[in-house]
Amino acid sequence: MALVLAFGVVLLICVSLSALAARTVLSTALLFLVAGALIGRGGLGLVDIPSDGAFVTGLADLALFTVLFTDGQRAGLPDLREGWRLSGRALGLAMPLTMVGIALPAHYLAGLDWTTSLLVGAVLSPTDPVFASAIVGRDDVPLRLRRLLNVESGLNDGLALPFVLIFLATATNSDTHLGAVAVELVAGLVLGIVIPAAVALAWRTRVFTAEPRLQALGPLAIAVILYATCHLTHANPYLAAFAAGSTLATLDRSMAEHFEHLGDLLSEVTKFAALLVFGALITPERISHLSLGDWAVAVIAILLVRPAAMTLSLLRTPLPARERSAAAWFGPKGFASVVYGLLVLQAAIPAGEHVFDLVAITIALSIVLHSSTDVPVAKALSIEPPANLPTGRPDTRGRHETG
């Protein structure tokens with residue numbers, strides 16, 4: 001109950017400060033991360049959450065699925081077609097460059113063997129734009145930039161998984177079943193398309209019509225069914241989530257729009273809960289043994305590897321220089337890396353604890369840097385926050401002033 005109470009208190013504080021956060025460097029994501037650290041074993045000791053427990057893995061997994069399902073509904077098939085050249089470069093070039101670029105300092109600076117170093121690179125290669133919400137979540141941001149970051153993050157979570165499993169199996173000296181991994185990916189993609197497509201087509205008949213006030217629950221029901229089906233069949237839930245959201249947006253745009261507000265709220269709640277728990281895991285005890293080389297790996301991964309890989313992949317594209325720079329900077333490490341880091345920890349490989357701690361400090365540093373710079377970068381791009389953000393003071397027309 002201490003964890004539940006802490007979540008409620010921090011959630012109330014973040015809601016109360018959300019308008020201020022939308023206009024400044026104040027980050028609600030960072031508040032939950034810090035709150036988790038305060039109530040965990042490294043702080044006040046109010047909660048004791050084992051990092052290898054099913055609760056942590058399940059919460060991170062659910063948060064990632066929810067975020068991807070919601071983000072997918074902002075990327076229907078027409079959007080994917082229009083933005084595929086940029087997204088394809090990010091996935092086909094920037095992502096493998098990021099893996100290798102992180103593996104090099106992990107080997108030479110953190111002292112990990114090559115297999116484990118490549119594993120770290122694979123774990124940290126996915127991006128998560130929920131920590132850059134001022135860039136990807138506002139209609140006044142250039143559409144091609146939002147689409148690029150959304151599609152990249154929606155697909156690279158699932159695409160990184162085969163590499164994580166391959167390097168993890170090699171590190172544990174177990175057989176690597178590439179066929180099984182391929183089947184899981186294809187199964188996730190198929191389920192993510194077939195289930196929402198079947199429901200969307202059924203909704204077009206006169207028999208299956210939803211009452212207006214319940215329409216937002218239709219996509220929620222699809223998400224619940226898909227999540228359970230993926231875990232029962234061992235299909236990849238992350239590709240399935242993004243594919244399902246995109247399929248629904250393509251075949252039934254109206255239903256996707258009805259779900260948008262509820263989906264955003266569910267994404268925020270699961271994201272904040274996962275951040276609170278993740279913050280509680282980052283204790284001084286866990287990170288005190290990390291060397292300067294380990295910290296250097298985290299800094300290099302965020303400040304050098306991602307920007308360099310993305311900049312190279314976007315050369316000779318029609319994307320303006322400012323938008324290209326924003327895309328290069330905003331490659332936050334998030335829930336996919338948390339889930340994959342926990343997989344490494346639970347696999348009990350020789351350097352598992354070291355890998356998890358290295359991944360944890362990289363994610364924490366990424367959250368601090370990216371979630372607190374999205375608004376300043378938006379302003380540098382001459383993008384102003386939406387005009388309907390309340391400040392709590394009524395104007396002369398009886399409405400709230402805007403920021």
Side-chain angles (χ1 to χ4, degrees), residues 1-71 128-134 137 213 216-217 219-221 223-224 227 241 259-284 286 332 334-335 338-339 342 360 363-364 366-368 370-372 374-375 388-392 400 403:
M1 283 298 104
L3 183 62
V4 175
L5 177 61
F7 178 74
V9 170
V10 181
L11 181 61
L12 181 59
I13 293 173
C14 286
V15 170
S16 303
L17 296 176
S18 58
L20 177 63
R23 296 190 299 272
T24 66
V25 296
L26 179 64
S27 166
T28 52
L30 182 57
L31 287 178
F32 272 92
L33 187 70
V34 172
L38 287 176
I39 67 173
R41 285 184 298 175
L44 301 176
L46 300 178
V47 296
D48 185 6
I49 305 173
S51 58
D52 57 350
F55 170 72
V56 176
T57 306
L59 181 58
D61 179 67
L62 180 61
L64 178 59
F65 182 91
T66 305
V67 169
L68 288 175
F69 181 75
T70 304
D71 285 347
D128 191 343
V130 298
F131 302 120
S133 57
R213 67 186 182 89
L217 297 182
L220 177 61
V224 172
Y227 182 78
F259 176 73
E260 183 175 3
H261 181 63
L262 175 61
D264 287 341
L265 291 177
L266 290 174
S267 294
E268 291 294 305
V269 169
T270 55
K271 175 186 74 175
F272 289 151
L275 283 173
L276 186 71
V277 172
F278 182 64
L281 298 179
I282 305 176
T283 64
R286 290 204 67 91
F335 297 127
V338 172
V339 174
L342 290 170
I363 295 171
S366 175
I367 292 173
V368 171
H370 291 115
S371 65
S372 60
D374 54 351
V375 171
N388 60 347
L389 292 173
T391 61
H400 286 98

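For the numbers below, each heavy atom of this structure counts, side chains included, while hydrogens, waters and symmetry mates do not.
Residues Phe7 and Val269 are in side-chain contact: their nearest non-hydrogen atoms beyond the backbone lie under 4.5 Å apart. Contact annotation: the side chain of Leu31 never approaches that of Leu275 to less than 4.5 Å [non-hydrogen atoms, C-beta and beyond]. Looking at Leu46 and Leu5, their side chains never come closer than 4.5 Å, going by heavy atoms from C-beta outward.
The distance from atom NZ of Lys271 to atom CG of Leu276, rounded to the nearest 0.5 Å, is 13.5 Å. With values rounded to the nearest 0.5 angstrom, Leu281 atom CG is found 7.5 Å from Leu342 atom CG.
Residues Ile39 and Ala6 approach most closely at CD1-CB, 3.7 Å, considering heavy atoms. Between Pro332 and Ser366, the shortest heavy-atom distance links the atoms CA-OG, 3.3 Å. The two atoms that bring Val47 and Leu3 nearest to each other are CG1-N, 3.7 Å, heavy atoms only. Shown here for Ala35 and Val10, the closest heavy-atom pair between the two residues is CB-CG2, 3.5 Å. The heavy-atom pair separating Leu33 from Phe278 by the smallest distance is CD1-CD2, 3.8 Å. Looking at every heavy atom in both residues, Phe259 comes nearest to Thr70 through CE2-OG1, 4.4 Å.
Checked against side-chain hydrogen bond (donor to acceptor under 3.5 Å, both in side chains), Thr66 has no partners two or more places apart in sequence or in another chain.
In this pair, Phe65 and Tyr227 present their aromatic rings perpendicular. The plane angle is above 60°, beyond the 30 to 60° band.
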